[in-house]
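Quick caveat, the model's predicted, so the values are computed rather than measured.
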Amino acid sequence: MRQILIVGAGQSGLQLALGLQARGYDVTLMSNRTADEIRHGRVMSTQVMFATALRHERDLDLAFWESQAPRIEGLGVSVAGPDGSRAVDWVGRLDGFAQSVDQRVKMAGWMETFAERGGRLVIHGAAVSDLDYFSRTYDLVLVAAGKGELVSMFERDAARSAFDEPQRALAVSYVHGLGPRPEHPEFDAVRCNLVPGVGELFVMPTFTTGGRADILFWEGIPGGPLDVFQGVKDPGEHLALTLELMERYTPWEYARATRVELTDAGGTLAGRYAPTVRKPVGRLPGGGLVLGVADVVVANDPITGQGANSAAKCAASYLASIVEHGDRPFDEAWMQGTFDRYWETAQHVTKWTNAMLGVPPEHVLGLIGAGERHQAVADRFANGFDDPSDFEGYLYDPAATAAYLASVGAA
C-alpha cells in the first residue's frame, strides 16, 4: 500500500486526503490545529463554491451540509455611480446552484471524518526539517499549507506572477440579521458591488457554526479609503467600520444591514497578500522533493471568488494523477506533469483574476453594462465564475467582446 503524507488540512488537503483514503491509500494528514480548535476559532476565509467544485465534493460523498447551506442561484453585479446610486445593476442566473459553507464547519467535520475512517491524523505544525525526515519515509509528500515556513520551499514563478505586492486590503465579517434583498427575494445570489477607484463589496449567503448567515467582504485598493482595517483587533469595531463604509459607498446594501450582528466573536478577518504563482516542486535540504498543492503554488486574489473552487479542482486533478500513476515512483517529472495538468485549469483563473484587479478597460465596462439590458450577457458572465475558461472567448479582446455582444443583439 502506497504511503502518502499531506501537510495542511484545508479544502484541498482534506479533500485529497479523503479521496485517496477512499481508494485504499495509506494517508497521513498533518494539521497544526485540532478539529475543535478550527471549529471554535476565527473564520479563515470567504468561500462560494460553484457547480463544478461542488460536484467534486459530491463525487467523494463529502457534501455533508448541502441540505443546510443556502442554495445560491444567481450572481449579481452592481456598479456605484458618483452620486451614491447604482449606475449598473443586474443579476445573472447560474446553470447549477452554488453554496458556501464556513470552512470552520467543513474542515472540522472533514477532519473528524478522515480520522473516523481510519486515517492517521497528526496534530503538529510541520517545519522543513520535519519534511526532510518524512520524505524518506513516505512515497509522496504533498504540501497543502499555504502560509508559513513551508511555502518558502517553492520558488516564485516570475513569468506567471503579475504582482509582487498585495492588490487589495481584505476585510471580512460574518453576520446574522441581514434584511431580505428586494431585487430578487425569491432566490439567493452572491452580489458583487464595484466602487470604481475604491474597491469592491461582496455579499454572500453562507452556512456557519450558528446556521444561516451572510458574509460582508470588502476588498479595498491599498492606501485608499477602504484600507482602514489594519490593527483593528476588536470584532465590534471591525463590524462598525464595515457598516460605515457600506453606508458611504454602497447605501443600497447598507439599507439591508442596519440590524446585523456578528455571528460570533471569531466572525471577522482582515489581511492582504500578494497574488503569486510558484513552481510546484519543493526541494528539501536532504535532497527529497515535495509537491505543492492549491494556493501553495497558485494563490490568486479573492476578487473573483475562486480560492475554494480552485482548491477543490486542484485536489480532484491531483487525485486523478496519483491514482493513474499506479505503482511508479513519484519523481520530479511526475510532480511537474501533475501540476501542469492542474495549470490547464488554473491558468484561466489567474488570467481572469489579474484582469479584474486592474482598471477595467472600456470594452469590459461596456460588457458589464450590457448585462443590465440583456439577460443572456448577465447569465454568461455569472456562469464564468464556475468555468473561467469561458472568458477567453469574449472578455479580454475588444473585438471579441464586440462580436459577442453583436451576436446576442447587445451591440
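Under the 3.5 Å distance criterion, the side-chain polar atoms of His176 are matched with a main-chain donor or acceptor of Arg212. The closest donor-acceptor contact from the side chain of Asp379 to the backbone of Leu94 lies at 3.5 Å or more, if one exists at all. In terms of modelled atom types and a separation under 3.5 Å, the side chain of Asn309 and the main chain of Gly305 share a donor-acceptor contact. Under the 3.5 Å distance criterion, the side-chain polar atoms of Ser310 are left unmatched by any main-chain donor or acceptor of Gly307. With hydrogens and angles ignored, the 3.5 Å screen pairs no side-chain donor or acceptor of His374 with any backbone N or O of Ala378. In this structure a side-chain-to-backbone donor-acceptor pair under 3.5 Å is missing from Ser317 to Lys313. Side-chain atoms of Gln375 come within 3.5 Å of backbone N or O of Val91 as a donor-acceptor pair. At least one donor-acceptor pair closer than 3.5 Å links the side chain of Arg104 to the backbone N or O of Gly41.
By the 30° and 60° cut-offs, the orientation of the rings of His238 relative to Phe229 is tilted. Ring pair Phe202/Phe217 is tilted by interplanar angle, where 30° to 60° counts as tilted. The aromatic rings of Trp218 and Tyr249 sit perpendicular to each other, their planes meeting at more than 60°, with 30° as the lower class boundary. Aromatic ring pairs are classed by plane angle as parallel below 30°, tilted from 30° to 60° and perpendicular above 60°; the pair Phe134 and Tyr138 is perpendicular.
The structure places CG of Leu131 at 5.5 Å from CG of Leu150, a figure rounded to the nearest 0.5 Å.
Thr34 and Asp36 share no donor-acceptor pair across their side chains, judged by distance under 3.5 Å alone. Side-chain contact of Arg341 with Ser321: a donor-acceptor pair under 3.5 Å is present, judged by distance alone. At a cut-off of 3.5 Å, with distance as the only test, no side-chain donor of Gln47 or Lys106 sits close to an acceptor on the other residue. Looking only at atom types and distance, the side chain of Glu332 has no donor-acceptor partner in the side chain of Gln336 under 3.5 Å away. Donor-acceptor pairing under 3.5 Å is lacking for the side chains of Thr250 and Asn193. Looking at Gln99 and Glu57, their side chains never bring a donor and an acceptor atom within 3.5 Å of each other.
Taking the charged nitrogens against the carboxylate oxygens, Glu372 and Arg86 have no contact shorter than 4.0 Å, which rules out a salt bridge. Residues Arg39 and Asp102 are not paired through a salt bridge, judged by the lack of any N-O separation under 4.0 Å between the basic side chain and the carboxylate. Salt bridge annotation for Arg256-Glu253: present, with a cationic side-chain nitrogen under 4.0 angstrom from a carboxylate oxygen. The pair Glu200-Arg168 meets the salt-bridge criterion, since a charged nitrogen lies less than 4.0 angstrom from a carboxylate oxygen. Salt-bridge formation is detected for the pair Glu392/Lys351: a Lys NZ or Arg NE/NH1/NH2 atom is positioned less than 4.0 Å from an Asp or Glu carboxylate oxygen.
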Identify each donor-acceptor pair in which a side-chain atom of residues 62-74 lies under 3.5 Å from a protein atom, sequence neighbours left out, and give them as a table.
residue : atom : partner : partner atom : Å
Glu66   : OE1  : Arg58   : NE           : 2.9
Glu66   : OE1  : Arg58   : NH2          : 3.3
Glu73   : OE1  : Arg93   : NH2          : 3.2

Would you give me the side-chain donor-acceptor pairs under 3.5 Å for residues 2-9, sequence neighbours excluded?
residue : atom : partner : partner atom : Å
Arg2    : NH1  : Gly326  : O            : 2.8
Arg2    : NH1  : Arg328  : O            : 2.7
Arg2    : NH2  : Arg328  : O            : 3.0
Gln3    : NE2  : Asp26   : OD2          : 3.2

Check: residues 285-304 side-chain donor-acceptor pairs under 3.5 Å, at least two apart:
residue : atom : partner : partner atom : Å
Asn300  : OD1  : Thr350  : OG1          : 3.1
Asp301  : OD1  : Ile303  : N            : 2.9
Thr304  : OG1  : Thr353  : OG1          : 2.7

- prompt: Do Met44 and Met107 pass the side-chain contact (heavy atoms from CB on, under 4.5 Å) test, and can you show the C-alpha distance, the side-chain angles, and the key distance before you say yes or no?
  reply: CA-CA 10 Å; Met44 298 180 283; Met107 300 311 117; 4.1 Å; yes
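Shown here is Tyr133, whose OH atom has no more than 12 heavy atoms of other residues, nucleotides or ligands within 6.0 Å.
For Phe381 and Phe391, the gap between ring centers is short of 6.0 Å. Trp334 and Phe339 have their aromatic ring centers separated by at least 6.0 angstrom.
Screening Thr258, Ile215, Val203 for a side chain to side chain contact (heavy atoms under 4.5 Å, CB included) involving Leu178 leaves a single residue, Val203.
In this structure, Arg380 is positioned above the aromatic face of Tyr394, its NZ or CZ under 6.0 Å from the six-membered ring centre and within 45° of the axis.
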